[in-house]
Amino acid sequence: MKILVINSGSSSLKYQLIDMDDESVKAKGLVERIGIEGTHFKHSVLGTDKGIEFTRNMKNHSEAISAVLEALTDKDNGAITSLDEIGACGHRVLHGGETFKESALVTPETLAEIEALVPLGPLHQKANIAGIRACQEVMPGKPNVAVFDTAFHQTMPPKAYLYGVPYEYYKTLKVRRYGFHGTSHRFIAGEAPKYIGKPADACKLIICHLGNGSSLSAVVNGKVVDTSMGLTPLEGLLMGSRSGDVDPAVLEYIMDNTGMDIHEMLNTLNKKSGFAGLSVSSDMRDVKAAAAAGDELAKETIAVWTYRVQKYIGAYNVAVGGADAIVFTAGIGENDTQAAEDVISGLAFLGVKIDPAKNVRGNAGVISTDDSTIKVLRLATNEELPIARDTLAIVNAL
Ligand code: AMP
């Protein structure tokens, strides 16, 4: 069966068509600037030189999905001959709250529950719902499955997910830590044990998903016991454009002194902070280039980022009770060998050591020395495959 995996953002839509017979990606693409002048569409068929790229305004996600389906079935540049070849659609959904501890078939009831969670992540959740509705509209009768970014973290105990605010806010508003990047953390928690030589249900892992958005998770025997993102993806590490942890009183102080309202303030913390706020751009490569050219603030930004990752690893080594492995993944984690070196150098006192001969870009697997007290791994994440796997399992069980 072929599964269409869809990841809708507020003005974008990423997709992959995955053949579940061998879990290979047949086609993938990206629609950007949906609802904005100059919508851009790019589609490619893997293993071929077939592709489609154009700019044409698209008002909403339905138009974008229609364009995707046209491209997939295009007789010269498509990947399938008929939409009947698509068995189901799997959707990345930001927030499952406490309602969804695993993926779910989209029914009128589940969609209503997903909609009820909009206040916990308005922008993304609405976009995810738009993607689901667009598929329902354009492919009536085709099963849709929702895969939640928060679900894998639902095993956290209350001591990890409760904030120290009046308990009534948890009871009435469900204010708590949820965590995100769940499909990535879950994929890595499944892969890492293969390199450790222990079964997944006997492994203690610290998973470092370090990309534009970044989060760490502490995983014991395949279950998350803590993670660095919170009610929203804003908490935790320094990220491309998100501040990560700040003293909440900073908000009042800045707002009082600038006249910003809470929406502008949160927008600043989400979109104009992190690398973008401290340095030249939200992209680590730009910050690294600036640092290499002698920019002192860029060097300090990298130091702030590195130190915060180290602090979280220290905390999560406690959370898991002594890790078997620290795993680096996502854009920075997979590609930036220096970042791994910098982070791990701060753990030398624990006897954790990177092997420079193994710490080579593109080298997946163990990158620590044989005598390192904790193994260090670099693994490529895959956020689409777990969505396709869950979709297949749910559809097969219908
Ligand atoms: P992601 O969100 O997982 O796509 O990761 C994006 C981040 O990975 C950006 O900050 C990129 O600068 C960073 N990244 C990608 N390739 C490299 C690289 N070779 N060296 C350093 N950072 C990289």
Side-chain angles (χ1 to χ4, degrees), residues 5 7-16 25 28-30 32 42 92 94 123-124 127 149 152 179-188 191 207-217 227-229 232-244 270-293 295 297-306 308-309 327-345 354 356 358-364 367 376-387:
V5 174
N7 183 356
S8 314
S10 50
S11 63
S12 68
L13 189 150
K14 277 192 268 186
Y15 64 92
Q16 281 191 5
V25 179
K28 65 177 186 178
L30 171 66
E32 288 174 295
K42 189 167 180 194
R92 181 179 184 182
L94 175 80
L123 247 127
H124 282 87
D149 245 26
F152 185 54
F180 297 87
H181 294 136
T183 50
S184 173
H185 287 286
R186 178 156 61 115
F187 180 79
I188 295 295
E191 290 295 302
I207 299 173
C208 311
H209 177 110
L210 305 171
N212 184 32
S214 296
S215 64
L216 257 69
S217 67
T227 191
S228 60
M229 284 178 164
T232 77
L234 184 52
E235 193 178 346
L237 303 170
L238 190 81
M239 307 182 214
S241 67
R242 298 189 189 112
S243 62
N270 271 304
K271 304 241 169 87
K272 300 178 187 168
S273 299
F275 302 156
L278 284 174
S279 186
V280 288
S281 119
S282 63
D283 195 299
M284 181 60 122
R285 283 165 292 200
D286 296 341
V287 181
K288 288 264 156 111
D295 180 332
L297 190 50
K299 290 183 197 167
E300 209 56 71
T301 304
I302 295 165
V304 173
W305 179 87
T306 306
R308 200 166 308 171
V309 176
V327 193
F328 288 92
T329 194
I332 300 170
E334 288 169 33
N335 295 298
D336 192 333
T337 54
Q338 186 61 48
E341 168 86 46
D342 291 348
V343 168
I344 296 301
S345 67
I354 290 253
K358 294 182 193 156
N359 186 23
V360 178
R361 198 163 158 225
N363 185 13
I367 58 168
V376 183
L377 312 182
R378 168 177 299 118
L379 297 176
T381 196
N382 189 331
E383 300 189 75
E384 285 78 19
L385 190 54
I387 297 178

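Counting convention: from 1, in listed order, for ligands and their atoms alike.
Those atoms of ligand 1 that come under 4.0 Å of a heavy atom in Asp336, given as number and element, are 20 (N), 21 (C). The distance from ligand 1 to the heavy atoms of Arg361 drops below 4.0 Å at these ligand atoms: 19 (N).
Counting heavy atoms from C-beta on, the side chains of Leu94 and Phe180 come closer than 4.5 Å.
What sits closest to atom 11 (C) of ligand 1 on the protein, heavy atoms only, is Asp283 OD1, 3.4 Å. For atom 17 (C) of ligand 1, the closest non-hydrogen atom of the protein is Asn335 CB, 3.5 Å. Atom 14 (N) of ligand 1 has as its closest protein heavy atom Gly331 O, 3.7 Å. Among protein heavy atoms, the minimum distance from atom 23 (C) of ligand 1 is reached at Arg285 CG, 3.7 Å. The single protein non-hydrogen atom nearest to atom 13 (C) of ligand 1 is Ile332 CG1, 3.6 Å, given as residue, atom name and distance. Closest protein heavy atom to atom 1 (P) of ligand 1: Asn212 N, 3.7 Å.
An N or O contact shorter than 3.5 Å is missing between Phe275 and ligand 1 by distance.
The number of heavy atoms from other shown groups lying within 6.0 Å of NZ (Lys358) is above 12. Annotation: Lys42, atom NZ; neighbour count of heavy atoms from other residues, nucleotides and ligands within 6.0 Å does not exceed 12. Within 6.0 Å of atom NZ in Lys14, 12 or fewer heavy atoms from other residues, nucleotides or ligands are found, so the atom counts as exposed in its surroundings.
Around atom 10 (O) of ligand 1, the closest heavy atom drawn from Glu334, Glu383, Met284 belongs to Met284.
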Dump the intermediate steps for side-chain contact (heavy atoms from CB on, under 4.5 Å) on Phe328 and Asn359, then the final yes or no. CA-CA 11 Å; Phe328 288 92; Asn359 186 23; over 6 Å; no
With side-chain contact (heavy atoms from CB on, under 4.5 Å) as the test, would you mind laying out the steps for Leu238 and Leu278 before giving the verdict? CA-CA 10 Å; Leu238 190 81; Leu278 284 174; 4.2 Å; yes
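Remark: the His181 side chain and the Ser217 side chain contain no N/O donor-acceptor pair separated by less than 3.5 Å.
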